[in-house]
Amino acid sequence: MPCMTENYDVCVVGAGHAGCEAALACARLGLNTIVFTVSIESIALMPCNPNIGGSSKGHLVREIDALGGQMGINIDKTFIQSKMLNISKGPAVHSLRAQADKAEYSKEMRRTLENTDHLTVRQAEVTDLIVEDGIILGVKTFSGASYHSKAVILCTGTYLKARCLYGDVINYTGPNGLQPANHLSQSLKDNSVEIFRFKTGTPARIDSRSIDFSKMQEQKGDQRVVPFSFTTDPEEVQIDQASCWLTYTNENTHNIIRDNLDRSPLYSGMIEGTGPRYCPSIEDKVVKFADKERHQVFIEPEGLDTNEMYVGGMSSSLPEDVQYQMYHTVPGLEEAKIVRNAYAIEYDCINPRQLYPTLEFKNIKGLFSGGQFNGSSGYEEAAAQGLVAGINAAMYVLGREPLVLDRSESYIGVLIDDLVTKENNEPYRMMTSRAEYRLLLRQDNADLRLSKKGYEIGLISQERYRWVEEKEKLITQEIERIEHVSIGANAVVQKLLEQHGSAPLKTGTTLAELIRRPELCYEDLAEIDPEREKLAPEVIEQVNINVKYDGYIKRQLKQVKEFKKLENKKLPEDFDYDQINSLRIEAKQKLNQYQPVNVGQASRISGVSPADISVLLIYLEQRNRSQK
Amino acid sequence: MKGDTIAAIATAMTNSGIGIVRISGEESFAVIDRIYRSKNGKKTLSKMPANTLHYGYILDGDQVIDEVIVLLMKAPGSYTAEDTVEIDCHGGTLVMKRILETVIKYGARPAEPGEFTKRAFLNGRIDLSQAESVMDLINAKNNFALDSSINHLQGRMKDAVKKMRKEIIHEIAFIESALDDPENISIEGYENKLNKIIMNISSQIETILQRSENGELLKEGINTVIVGKPNAGKSSLMNVLVGKERSIVTDIEGTTRDAVEEQINLDGITLNIVDTAGIRDTKDLVEKLGVDRTKKYLSNADLIIYIADSSRKLNENDEDILRYLTDRKAIVLLNKCDLEQKITEEDMKKKLTEKNLSSPVVSISVKEHIGIEQLQKIIKNMFFSGELIFNDEIFISNVRQKASLQSALKSLHLVQHSIENQMPEDFYSIDLMSAYEELGNITGETVGEDLVNEIFSKFCMGK
């Protein structure tokens, strides 16, 4: 039977948050790209919570934007509420979070894909990888059609052999009742890819007309909204915002859950997959934190043109009748009508330790992957990996240097390094505590950290990059200036200090020293700093942060210097560590299995001791010298 | 890794001759400037030419520690090819240790086992052909150091450090979960609570540091094992040496079923004395376990005191023990010399010669206190002549562990500093984490996923 054959530079499998970034990056770099989705309507679908951003995830979105990705721009166009979280805390943990209009978010992304040159969108289920001699040659779809390409990027999300469960009901579908992808897992196994089975879940959606909002607390967005994208004009995001609502579970809710635990597939043993600890179902919360009298429940709109409301905090896989009973115990939800049931979803994903930090498979050249397929969770984590996988597939096709971000320059680097290096048995979520240099990796300086890379790759315009360079220059100059502006203990100064509740000066000081006082900032001191030139608010923000937290930042920079030493020591590819006798057995096994790219990565593998690292350093030196 | 300047004692830890404390790395000269004073008090060593010797004193603040000669070597003209300072001091173990501790207090960090050699190799000072042996040395030394420091960590110290770590990680997890899920977990007014917890932990660390001055952190000293067949008088000897009733002494063979440990001080020399279960072929399980442990102690001992019952003939159990004395420092005692002797000193010496052993033989009677002083004198002579070297790794581990405690304390002070300066909460966890890591060095525990695990197990968060 004759079958279709087409040729592309890059095939992207899946058009979720990872697939969209991957496809856009490749197409924008001029590569002929095709992106497959089981349903055109599910492009950039948000099957769980209706938000983008949040703690540490907001950082990821900013970084995606600085590298030339789409997520930040897309949410700026489709958000309906926005908040900067942790505003009372340090700048490193400020994080943007926006409520999205889900339908608009999806539509806007689809529009972007459809209007991007070199990009073809195709509805089809990819069933097979075409691999020869360890090199990817393309994919096959369910119809038997072949798509030949130089690189393939797998972004299959939660669709692989997916099944959705609540009570004893099992639907063999992907999220939201969408068609699953049942064949690709076998093809992966045939190509010696190790598969994990993970699980996650989502709460019910409720008809807003059945909710009594008067029993809940209203949660409004920020007065002044900050956009995600560095390219968005801040004036454009000052919109009328929708509200979210806060209510609580109570003892009644918990009793109903306890009484019906045996009917939950999580507890009856029907669910085999490993679920995330940070996103527990309400039954998990009640069991594990039995002493908590109540749990928060956030009622969030799914969009402006729908009555569906997301019940944040109450994901579940309990049977339908129990879901009704338990939601009805929550103040404001007594009469709630469910539009969609809560469910748990199980799916196949890979052991990401099979990937290089470029997100290319170690055993199949030209095959890349990103997103939940790699064992992560969350839209932002997916998009970040999709972008990196896309960029690196393009670099591979173009024969250029790959993009590897390290832990000291970005959250994306932390995310990918954790995935490809550390043992992880649950869907991985980003957290600020995972970033050891988080004082340097702020959401406010993502452009300063990453625009250069985005520009060199070709995803950031020259004009945009010039402004970042200019901004950097202005910041450095201004810091330099205020470190040297002397302030005397005169009457004007003392009066100003008094106004701001700050202790009077005993001797002269500098402007920078005054900014370091917790109660003062750069803007407060304009009056005693007549030579000040007018600077953009984003420049002033950087001056404030860098001066105020100078001591801490310097300490982290010193740590980064140490970190880079090991990171810059490259290890040979496909190396047999049994050759190095002095390594301990456990270290040999782990190093053989993981094949780390540099000594720094090796040092983060559990089971490799500092002494083993010293041995590796000696070995590398020996090798270098004998090659000379 | 913090600080790039390392220090260690470069000579054997004996009480004889001179000792050398070596410092290597960028800050070597800065460190020596902080602790050195010349005779007229005017010399600054960092301004002196390379390869010169300088007479003077090492000081900790105003307190003179020792009279020394300092050798300066500038990169790359040293063993490690880095700036290096060698302090030649008096050879006493206590003096060397004080100097090393002072060097660390003023900016160096204790070298990892094998680190000088590692640097020498990486900086091209050691021939390529020796790479294999350098690698072997590093892992062997590290394993040894880790084993000895953890095995010698006093039980209650270990428990105390573990408890502190648990408290610290719990607080970090609380801060982090509040940052991660600010709408769910509130951190208002937390700094006062944290400040109290830190003060409490800091004072515990200070107490441990004070105790460590008396060697209470790790069991320093010469590991001495008393061995003999059952009822030869091992426990009685131990009691006489320690000066109190410690082991249960009976006339029944096999009373000491497990090892009993004591620390004694012989004119400034610390001995960790282990009284072991008698070695004999036994079928009693409990006793057998005791015998197995005895054999383990024997293999780790710096000094073996073999006590034979001279009123009985030697049997296969004695033969068995004698086999363990090969290539070891040992003293042979013929106990019960007040009774009718079945073996004389001459018999024993002959026996030793046959087996190629040259240990001194002393006739004693523990019961009548005959020969005890002579035994003590022999031990002291062995030590001061340098014949007896004790496990210096433990000595060094103690310095490392103290340095870790001090760093942990410093990190906790930085947290308090952040609180005083009204820094936001996320700044606290940076230094709390450092304290946690430092304390982990003492118990041999790495950080891994501790924090994430603590967050998820103790705090309910997420959608």
Does atom CD of E293(A) have more than 12 heavy-atom neighbours from other groups under 6.0 Å away?
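Counting other residues, nucleotides and ligands, CD of E293(A) stays at 12 neighbours or fewer.
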Heavy-atom neighbours of K292(A) NZ exceed 12 at 6.0 Å
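Yes.
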Top of [options] for chain B proximity - count of heavy-atom pairs under 4.5 angstrom:
| options | answer |
| --- | --- |
| L439(A), N581(A), I580(A) | L439(A) |
| R584(A), H295(A), K422(A) | R584(A) |
| R438(A), E436(A), E423(A) | R438(A) |

Does any heavy atom of chain A fall under 4.5 Å from the side chain of [X], the backbone, both, or neither of them?
| X | result |
| --- | --- |
| E112(B) | neither |
| L179(B) | both |
| S457(B) | backbone |
| M433(B) | neither |
| I430(B) | side chain |
| I185(B) | neither |

Residues of residues 165-173 of chain B with any heavy atom under 4.5 Å of a heavy atom in chain A:
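Checking residues 165-173 of chain B against chain A gives no residue, so none.
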Check whether NZ of the Lys or CZ of the Arg R294(A) lies under 6.0 Å from the centre of the six-membered ring of Y248(A) and within 45 degrees of that ring's axis.
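Output yes; distance and angle both within limits.
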Is the charged tip of R434(A) near the ring of Y428(A): under 6.0 Å from the six-membered ring centre and within 45° of its axis?
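R434(A) over Y428(A) ring: yes.
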Indicate yes or no: at least one non-hydrogen side-chain atom of W245(A) is less than 4.5 angstrom from one of Q219(A).
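No - every pair of side-chain heavy atoms lies 4.5 Å or more apart.
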How about Q401(B) and L405(B): do any of their side-chain heavy atoms sit closer than 4.5 Å?
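A side-chain contact under 4.5 Å is absent here.
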Check ion pair [X]-[Y] (N to O, under 4.0 angstrom):
| X | Y | result |
| --- | --- | --- |
| D4(B) | K565(A) | yes |
| E115(B) | R119(B) | yes |
| E380(A) | R97(A) | no |

Does any backbone or side-chain atom of [X] lie under 4.5 Å from a heavy atom of chain B? Answer side chain, backbone, both or neither.
| X | answer |
| --- | --- |
| T432(A) | both |
| T202(A) | neither |
| K83(A) | side chain |
| R516(A) | neither |

If you apply the rule side chain to side chain contact (heavy atoms under 4.5 Å, CB included), what do you find for M216(A) with L246(A), and how did you get there?
CA-CA 5 Å; M216(A) 302 179 177; L246(A) 173 63; 5.9 Å; no
Rounded to the nearest 0.5 Å, how far does CD of Q296(A) lie from CD of Q217(A)?
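Reported to 0.5 Å precision, the distance equals 8.5 Å.
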When rounded to the nearest 0.5 angstrom, what distance separates OG in S433(A) from CE in M431(A)?
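Between S433(A) OG and M431(A) CE, I get 4.0 Å after rounding to 0.5 Å.
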Contacts table for residues 617-624 of chain A: side-chain donor-acceptor under 3.5 angstrom, sequence neighbours left out:
residue	atom	partner	partner atom	Å
E621(A)	OE2	R625(A)	NE	2.9

Based on non-hydrogen pairs under 4.5 Å, which of V134(B), D431(B), N421(B) is most in contact with chain A?
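The option with the most such pairs is D431(B).
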